[in-house]
Amino acid sequence: MAKSKIAYFCQSCGFESPKWLGKCPSCQQWNTFVEEVIEKGNASVPAWKPASTSQQRANKPVPVTEITYSEEHRVPTPDKEFNRVLGGGIVPGSLVLIGGEPGIGKSTLMLQLALNMPNQKVLYVSGEESERQIKMRAERLASPEGGPIGEGAYILTETSTQNIFKQIEALEPDMVVIDSIQTLHSAHIESTPGSVSQVRECTAELLRFAKETSTPVFLIGHITKDGMIAGPKILEHMVDTVLQFEGDRHHVYRILRTIKNRFGSASELGIYEMMGEGLREVSNPSEILLSHREAPLSGITISATLEGMRPMLIETQALVSASAYGTPQRTATGFDTKRMSMLLAVLEKRCGFRLGAKDVFLNITGGIRVEDPAIDLGLAAAIISSHEDMPIPFKTCFAGELGLSGEIRAVNRVEQRIAEAQKLGFNQIFISKYNLPASGQDKKRMDLSRYDIDIKIVSSIEEVFSLLFG
Ligand code: TYD
Ligand code: MG
């Protein structure tokens, strides 16, 4: 037997070292090194065998003007939200990672896709569940059109990459799903499944397979809250596209977010609802994210946000109350707590609201996490509305970023936000003065007179409050 080789891997970022280290020089984390046995070139079974010619082929430099390409041929899926996050459909030969916490619905999403791909032979490889368990799950998943599903779907319960490639060669699928990458092991590496070196080797084999046969491969990867499990973090560099499936497990809504995409925009978002019969696409998110109230209540505002190319109106809630303890509580759900502290400081310093001794709670409805800074103005208005106990008029929404001096800053694609607010029947929208073209510029670039909605142009937070509460 060949002498086994040992290396130490950082479980956080995948950094490899010949000796154990206390602190990772790459990601600066402490105590993350774990010994792994790696044994290369000893396995008798080959990994994915590249076609003999492709390995010897050496590329020559080509003038960029002479390179021709055809518009990337994409395979659309029946799931419109999935197409959106991929940038228009599946690119042949692409390697896509779908990351997410355990139990969020990754297997459900991918099995549903496998069952519904029309005229495609899909191989679903599971290292986590038995054939019977998958069949039981498949029976719960109804097709969106109500027709028969699962025509071209094949299930393989296997964890050895060598065996998987053997089956792939026999079946010749048009698309492969691996559930999950942490359960696979390659005979070329000695360490246990899920370790950094195994995950890296299995992904490299699948990557070679995807590129050489132009078969798209989807990898499911688990991450925990602290991101300690080896895998997705180091995989992000290797794959073409990284999608993150997230959401609050106690809510029905799930978000599929593009983190990286070599073939499209990296800020797209797909929204699903988890039902008894699997995931349902949510095509008009604004309508579900706005709750239907009879009378205006204090502390509730609507913000016109934008995720990727898609405008969404989201309800934001704030509760400000006198603190019962010495240290006031500050909690934000779906919003960055540091940013919330900044908003409170601006309101205190610039507008003179005494928030220092108040408990403040912020909530973004639907369990959605918003990163768009345009939500600042809506949140600030909600905080003041709750503090003063004065409701904000119905059918009012906000789109503006708050600066440290209390100025309302411009947001991107403001016209798209205005159009969405108008479409949903809002009466007025507050936007920043700085969103308007400067006096010397072409006025035609933004013609606000074509909107029916009342557009309130504001430049500072004080101005917003005098317009709202007089
Ligand atoms: P699963 O896809 O197994 O999650 P993951 O692969 O990310 O670990 O989904 C787990 C949850 O989804 C589970 O709590 C049950 C729920 N679920 C439904 O609500 N409806 C369904 O039709 C299915 C299949 C699952
Ligand atoms: Mg699963």
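Start at 1 and go down the list; that is how both ligands and their atoms are numbered. When reading the values below, keep in mind they use all heavy atoms of this one structure, side chains included, and skip hydrogens, waters and symmetry mates.
- Within the 6.0 Å centre-distance limit, the rings of F209 and F165 are counted as a close aromatic pair.
- Using a 4.0 Å cutoff on heavy atoms, M275 counts as a contact of ligand 1.
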Kindly indicate, with the supporting measurements, whether the criterion side-chain hydrogen bond (donor to acceptor under 3.5 Å, both in side chains) is fulfilled by S385 and S298. CA-CA 5 Å; S385 159; S298 71; 4.8 Å; no
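- Taking 2.8 Å as the threshold, T108 does not count as a candidate ligand of the Mg ion (ligand 2), since none of its N, O or S atoms lies below it.
- Between E277 and R140 there is no salt bridge, since no side-chain N of the basic residue sits under 4.0 Å from a carboxylate O of the acidic one.
- At least one heavy atom of P102 sits closer than 4.0 Å to an atom of ligand 1.
- Both the backbone and the side chain of K106 come within 4.0 Å of ligand 1, counting heavy atoms alone.
- Less than 4.0 angstrom separates some heavy atom of S107 from each of these atoms of ligand 1: 2 (O), 5 (P), 6 (O).
- At least one N or O atom of R137, backbone or side chain, sits closer than 3.5 Å to an N or O atom of ligand 1.
- For F430 and F398, the distance between ring centers is under 6.0 angstrom.
- Between L141 and ligand 1, no N or O atom pair is found at a separation short of 3.5 Å.
- The protein reaches atom 18 (C) of ligand 1 closely, with a heavy atom under 4.0 angstrom from it.
- Under 4.0 Å is where a charged nitrogen must lie from a carboxylate oxygen, and between R200 and E16 at least one such pair does.
- Closer than 4.0 Å to atom 13 (C) of ligand 1 lies none of the heavy atoms of the protein.
- Between M274 and ligand 1, no pair of N/O atoms sits closer than 3.5 Å.
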